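Presented below is the structure to which this report refers.
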Amino acid sequence: MGKATREAYGEALAELVAENKKIVVLDADLSGSTKTANAKKVAPERFFNMGIAESDMIGHAAGFATSGFIPFASSFSMFCTGRAWEQIRNSVAYPHLNVKVCGTHAGITVGEDGVSHQAIEDIALMRVVPGMEVYVPCDAAQTKAVIRHVASTNTPCYVRLGRSSVEDVYTEDTAFDFSKVHVVREGKDAVIFACGLMVQSALKAASKLSAEGKEVAVVDVCAIKPCNEEQIAELLAKYDVVFTAEEHNVIGGLGGLICEIAADKCPKKIHRIGIQDTYAESGDANKLMAKYKLDGEGVYEQVKAAL
């Protein structure tokens with residue numbers, strides 16, 4: 001088992017604040033959980049605890065950006081995208097300011113904190129904002145690469161991170177090109193487009209299906225926006241059976257993205273695996289993943305049924 005993507009975020013951010021004095025870190029009184037406390041240890045003079053006030057935090061981040069700084073603003077995904085959506089829209093995206101919103105504890109794997117903390121709408125909320133880039137890394141190596149990538153851009157970005165530890169998909173020396181999707185497993189019978197920890201679930205499902213003679217490709221869509229629509233359309237054209245897998249409502253997230261591309265470029269039926277427009281409940285993260293058929297076994301069952 002590897003580490004949680006929030007842990008990799010904290011490590012990458014600590015490295016970046018040491019390298020670049022233009023980077024400032026803002027947190028909504030959750031630095032221990034979001035792991036921005038790592039950056040505070042390195043550069044306490046560029047760390048700001050804004051309290052339980054995400055809207056205020058985003059407003060301050062916008063101010064820092066207008067002054068030439070690169071602000072990373074963090075809280076749980078539910079709150080930095082939901083509570084502060086208006087400020088993100090009007091104070092960051094509309095003037096196209098260089099603010100990096102990094103939400104941890106996304107999806108149902110926040111577990112026992114319950115529905116109030118389980119962001120299953122955040123990809124959709126950020127994806128619909130004009131000019132906002134959206135990234136959903138699946139493991140530690142990809143998270144570190146994403147954080148370095150967004151730090152180098154001059155555009156508003158949202159990075160979705162998780163609470164739970166996840167298996168490694170990539171190695172530390174993997175070279176990422178975020179202008180492309182990544183085919184992490186080849187297959188001829190079907191394809192699963194996945195993001196975040198659902199990449200691991202899709203790989204487990206594909207491995208089990210392979211033992212039964214069905215070869216399923218797995219495509220990691222880390223860059224939700226902007227994404228390589230032409231590359232995705234080419235993959236859609238290649239397969240008769242297509243799935244999406246996300247720890248998010250099937251409406252508006254990765255599933256919505258792939259359906260939109262299919263409608264525009266390659267009409268195809270899309271099977272969307274994810275939260276089926278409902279809310280979960282408080283509970284152990286692994287048990288919730290199993291109940292909502294988002295673990296490897298659940299994805300396997302859904303793909304097998306469609307095949």
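If you're wondering where the values come from, they're calculated on a predicted model, not measured in any experiment.
- The CG atom of Asp284 sits 8.5 Å away from atom OG of Ser164, with the distance rounded to the nearest 0.5 Å.
- A continuous path of hydrophobic side-chain contacts links Met289 to Val299 [ILVMFWY only; heavy atoms under 4.5 Å].
- Taking Ile, Leu, Val, Met, Phe, Trp and Tyr as hydrophobic and joining them when side-chain heavy atoms fall under 4.5 Å apart, one finds Tyr94 isolated, its cluster having no other members.
- Inspection of the Thr109 and Glu247 side chains reveals an N or O donor paired with an N or O acceptor under 3.5 Å.
- Residue Asp240 qualifies as open at atom CG: its count of foreign heavy atoms under 6.0 Å is 12 or below.
- Between Arg148 and Glu19, at least one side-chain nitrogen of the basic residue sits less than 4.0 Å from a carboxylate oxygen of the acidic one, meeting the salt-bridge criterion.
- Not a single donor-acceptor pair under 3.5 Å links the side chain of Glu133 to the backbone N or O of Pro226.
- Looking only at distances, a side-chain donor or acceptor of Tyr239 sits under 3.5 Å from a matching main-chain atom of Gly187.
- Not a single donor-acceptor pair under 3.5 Å links the side chain of Ser31 to the backbone N or O of Asp27.
- Both the sub-6.0 Å distance and the 45° axial angle are satisfied by Lys208 relative to the ring of Tyr300.
- Looking at residues two or more places apart in sequence or on another chain, you find a side chain to side chain contact (heavy atoms under 4.5 Å, CB included) between Glu172 and Lys144.
- A donor-acceptor pair under 3.5 Å links the side-chain atoms of Arg6 to the main chain of Arg163, judged by distance alone.
- Not one N or O on the side chain of Thr104 forms a donor-acceptor pair closer than 3.5 Å with the backbone of Thr34.
- Classification of the Phe48-Phe64 ring pair by plane angle, with boundaries at 30° and 60°, yields tilted.
- Note on Val221: it does not cluster hydrophobically with Val218, by side-chain heavy-atom contacts below 4.5 Å among ILVMFWY residues.
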Applying side-chain contact (heavy atoms from CB on, under 4.5 Å) to Ile108 and Tyr292, what does each step give before you reach the verdict? CA-CA 9 Å; Ile108 62 172; Tyr292 293 95; 4.2 Å; yes
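- Counting only residues at least two apart or in different chains, salt bridge (charged side-chain N to carboxylate O under 4.0 Å, His left out) contacts with residues 60-83 comprise Glu54-Arg83.
- Residue Met57 comes nearest to Ser75 through the heavy atom pair CE-CB, 4.3 Å, listed as atom of the first residue, atom of the second, then distance.
- A cation-pi arrangement, defined by a distance under 6.0 Å to the six-membered ring centre and an angle within 45 degrees of its axis, is absent between Lys100 and Phe72.
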Start with the C-alpha gap between Ile147 and Val159, add the side-chain angles, then the distance that decides, and say whether side-chain contact (heavy atoms from CB on, under 4.5 Å) holds. CA-CA 8 Å; Ile147 297 305; Val159 182; 4.2 Å; yes
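- If you check the side chains of Tyr170 and Asp220, you find a donor sitting under 3.5 Å from an acceptor.
- Summarising the geometry of Cys138 relative to Gln142, their closest heavy-atom pair is N-OE1, 2.8 Å, with the distance given to 0.1 Å.
- Of all heavy-atom pairs spanning Ile88 and Met126, the tightest one is CD1-CE, 3.9 Å.
- In Leu307, the CG atom is crowded: over 12 heavy atoms of neighbouring residues, nucleotides or ligands sit closer than 6.0 Å.
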Would you please test Glu246 and Arg272 for salt bridge (charged side-chain N to carboxylate O under 4.0 Å, His left out) and show each step? CA-CA 8 Å; Glu246 59 193 316; Arg272 291 174 292 167; over 6 Å; no
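- Side-chain contact, Thr36 with Tyr9: no donor N or O sits under 3.5 Å from an acceptor N or O.
- For the residue pair Ala62 and Val92, the shortest heavy atom distance occurs at CB-CG2, 4.3 Å.
- For Lys21, there are no side chain to side chain donor-acceptor pair (under 3.5 Å) partners at least two apart in sequence or on another chain.
- The distance from the CE atom of Met132 to the CD1 atom of Ile224 is 14.5 Å, given to the nearest 0.5 Å.
- Put simply, the side chain of Arg46 gets close to the backbone of Val17: a donor and an acceptor are under 3.5 Å apart.
- Side chain of Asp168 to backbone of Gly2: no donor-acceptor contact under 3.5 angstrom is found.
- Inter-residue side-chain proximity for His117 and Val115 is flagged as unmet; no heavy-atom pair is nearer than 4.5 Å.
- With Ser207 contributing its side chain and Leu203 its backbone, the two residues share no donor-acceptor pair below 3.5 Å.
- At least one donor-acceptor pair under 3.5 Å links the side chain of Gln302 to the backbone N or O of Gly298.
- Of all heavy-atom pairs between Thr244 and Gly255, the closest is OG1-CA, 3.5 Å.
- Judged purely by distance below 3.5 Å, without hydrogens or angles, the side chains of Thr155 and His96 pair a donor atom with an acceptor atom.
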Can you check side-chain contact (heavy atoms from CB on, under 4.5 Å) on Leu254 and Ile123, steps first, answer last? CA-CA 8 Å; Leu254 175 63; Ile123 298 175; 5.7 Å; no
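- Within the model, atoms SG of Cys222 and CG of Asp177 stand 11.5 Å from one another, a figure rounded to the nearest 0.5 Å.
- With hydrogens and angles ignored, the 3.5 Å screen pairs a side-chain donor or acceptor of His248 with a backbone N or O of Ile120.
- A salt bridge links Lys204 to Glu167: one of the charged nitrogens lies within less than 4.0 Å of a carboxylate oxygen.
- Inter-residue side-chain proximity for Leu161 and Thr143 is flagged as met; some heavy-atom pair is nearer than 4.5 Å.
- The distance from atom CD1 of Ile58 to atom OG of Ser91, rounded to the nearest 0.5 Å, is 9.0 Å.
- With values rounded to the nearest 0.5 angstrom, Leu26 atom CG is found 11.0 Å from Cys102 atom SG.
- With sequence neighbours left out, Glu7 forms a side chain to side chain donor-acceptor pair (under 3.5 Å) with no residue at all.
- The pair Glu212-Lys304 meets the salt-bridge criterion, since a charged nitrogen lies less than 4.0 angstrom from a carboxylate oxygen.
- Within a 6.0 Å sphere centred on NE2 of His60, heavy atoms belonging to other residues, nucleotides or ligands number 12 at most.
- Ala245 meets the side chain to side chain contact (heavy atoms under 4.5 Å, CB included) test with Ile192, Ala194, Met198, Ile273; sequence neighbours excluded.
- With no hydrogens or angles considered, a side-chain donor-acceptor pair links Thr174 and Thr171 at under 3.5 Å.
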Go through the steps for Leu235 and Val242 under the test side-chain contact (heavy atoms from CB on, under 4.5 Å), then give the verdict. CA-CA 9 Å; Leu235 288 164; Val242 179; over 6 Å; no
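- Annotation: Lys180, atom NZ; neighbour count of heavy atoms from other residues, nucleotides and ligands within 6.0 Å does not exceed 12.
- Between Glu215 and Ser210, the shortest heavy-atom contact is OE2-OG, 2.8 Å.
- Side-chain N/O atoms of Ser55 and Gln87 include a donor and acceptor closer than 3.5 Å.
- Between Asn286 atom CG and Leu288 atom CG the span is 9.0 Å, to the nearest 0.5 Å.
- Screening Glu229, Lys225, Gln231 against Cys227 for a side chain to side chain contact (heavy atoms under 4.5 Å, CB included) leaves a single residue, Glu229.
- A perpendicular orientation is assigned to the rings of His182 and Phe178, their planes being inclined by more than 60° (bins at 30° and 60°).
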